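Structure record follows, encoded as structure tokens.
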Amino acid sequence: MLAKRIIPCLDIKDSRTVKGVNFVDVIDAGDPVELSKYYSENGADELVFLDITATKEDRRTFAKLVDQISENINIPFTVGGGIKSLKDVEILLKSGADKVSINSYAVKNPDFINELASNFGSQCIVIAIDAKFINNDWYVYLVGGRIKTDIKLFDWAIEVENRGAGEILFTSMDHDGTKNGFACKALEKLSQKVNIPIIASGGAGKIEHFNEVFKSGNIDAALAASVFHFNEIGLRELKIELNNNNIPIRL
Amino acid sequence: MRIAIIDYGAGNTQSVKYALKRLGCKGILTSDKEIISSSDKVIFPGVGQASSAMKKLKSEGLDLLIPDLKQPVLGICLGMQLMCDFSEEGNTDCLKIFNSKVNKFDNSLKVPQIGWNTIFDLKSSLFDSINDNEYMYLVHSYFVPVIPETIATSSYGITYSTAIKKNNFTGVQFHPEKSGGNGEVLLKNFITN
């Protein structure tokens, strides 16, 4: 049976992991390669790396880092942040990434999704969507949640599927950082609208939240950052608990 | 031991190379027919689209070389699918090593299938030290049905071939290079058996 996936997400700046990480006793948690190895050996099903550096020089360094990660871990990983061309994607995939995640650039240039799908295949195209619930509807936001658009979440999700996206990573900005649980209702509706895998993101605070999101809708994976980095939720403990709740999980 | 990884522009070849390196083996990424033919083992990887992959193989003459290889060959993901007769993906004639079509998953399923799925009905030394019901990582929209050459199955809506074997040719639908410890065991079995 296909297992539900648990995905730690790492933000990378200047080749270091950022956002407080509390593993200092165990490993150099600022070193993305060390942290990736730790996660891959401790039950992560997949990893996501978001490059939050801006300059071109740093992007080349990021590709080198992707290569090092690929050399050191034996589970799949997705990379994203600032991808704007077929060449960017080619470099990252050649460096060993399994999938790339595109957000703002796809909203501004939807044809880019079609181009990516026909060049590299849908299986490696993750479209990340940040959205917020306003006046009874979910609206898509850009640039890390700073700019609101008039595009509605469910319309955009259907469009990215039709254009060839292989997976959707949905972050509810209303839930992100609250630690009060995932946007289960919106996720459930999203899973009825599209027929590609969905990764839930934003709001994870405790083990029950993962349980809830997998029970409520047809969600394929759940992503979180700080609860894992601060060791508030242990990956093993989480997966055992989900398994006890009859959620298909790779132990 | 010389292991050639067939380079035809497709797929995540870097990960295969690094997976071999972690096992202490050097994989040579190449499209050179001499090097491929003279290697002890050959890995035929692939992530991508069937018709464009076949075009690339043909442009290098690899479509004629691969079916004639005599040493153990391991096709991974698209590599496995391309060893069959025909793929529904782009209605593509493939290498015709295995007498099977490659079909698309039913639309009632989420396609592509992405993630860790269990493997069953293990029938080859390739799976030594790996048990039924263990997880491997898969990402695919097309599948090989169960055929006489099936040596392992997985289920996603239907039960399909997650591994096939005929003479010196073996194909796996999952990615051993991305399947954690189980994947490493499988690659080691391929190298040592």
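Remember, predicted model here, so these are calculated numbers, not experimental data.
- Contacts with chain A were tallied for Ala19(B), Gly183(B), Gly180(B), Pro176(B); Gly180(B) has the most, counting heavy-atom pairs under 4.5 Å.
- With respect to chain B, the highest number of heavy-atom pairs below 4.5 Å among Pro248(A), Cys124(A), Pro197(A) belongs to Pro197(A).
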Step through the atoms of chain B and chain A and list each donor-acceptor pair whose separation is under 3.5 Å.
| unit_1 | atom_1 | unit_2 | atom_2 | d |
| --- | --- | --- | --- | --- |
| Asn12(B) | ND2 | Gly96(A) | O | 3.4 |
| Asn12(B) | ND2 | Ala97(A) | O | 3.3 |
| Asn12(B) | ND2 | Asp98(A) | OD1 | 3.4 |
| Gln14(B) | NE2 | Asp67(A) | OD1 | 2.5 |
| Tyr18(B) | OH | Asp67(A) | OD1 | 3.2 |
| Tyr18(B) | OH | Asp67(A) | OD2 | 2.6 |
| Lys21(B) | NZ | Glu71(A) | OE2 | 2.3 |
| Arg22(B) | NH1 | Ser70(A) | O | 3.2 |
| Arg22(B) | NH1 | Glu71(A) | O | 2.9 |
| Arg22(B) | NH1 | Ile73(A) | O | 3.3 |
| Arg22(B) | NH2 | Ile73(A) | O | 3.3 |
| Asn107(B) | O | Asn195(A) | ND2 | 2.5 |
| Leu109(B) | O | Asn195(A) | ND2 | 2.9 |
| Lys110(B) | NZ | Asn218(A) | O | 2.5 |
| Lys110(B) | NZ | Asp220(A) | OD2 | 2.6 |
| Val111(B) | N | Asn195(A) | O | 3.2 |
| Trp116(B) | O | Ala3(A) | N | 2.8 |
| Trp116(B) | NE1 | Asp45(A) | O | 2.8 |
| Asn117(B) | OD1 | Met1(A) | N | 3.1 |
| Asn117(B) | OD1 | Leu2(A) | N | 3.3 |
| Thr118(B) | OG1 | Met1(A) | N | 2.4 |
| Tyr135(B) | OH | Ile249(A) | O | 3.4 |
| Lys178(B) | NZ | Asp98(A) | OD2 | 2.8 |
| Ser179(B) | N | Asn74(A) | O | 3.4 |
| Gly180(B) | N | Asn74(A) | O | 2.9 |
| Glu184(B) | OE2 | Asn74(A) | ND2 | 3.0 |

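- Only the backbone of Leu109(B) comes within contact range of chain A, with heavy atoms under 4.5 Å apart.
- The shortest heavy-atom contact between Ile196(A) and Val111(B) is CG2-O, 3.2 Å.
- Counting heavy-atom neighbours within 6.0 Å of Met1(B) CE, excluding the residue itself, gives a total above 12.
- Annotation: maximal heavy-atom pairing with chain B below 4.5 Å, among Gly121(A), Ala221(A), Gly166(A), occurs at Gly166(A).
- Only the backbone of Ile249(A) comes within contact range of chain B, with at least one heavy atom under 4.5 Å from a heavy atom of that chain.
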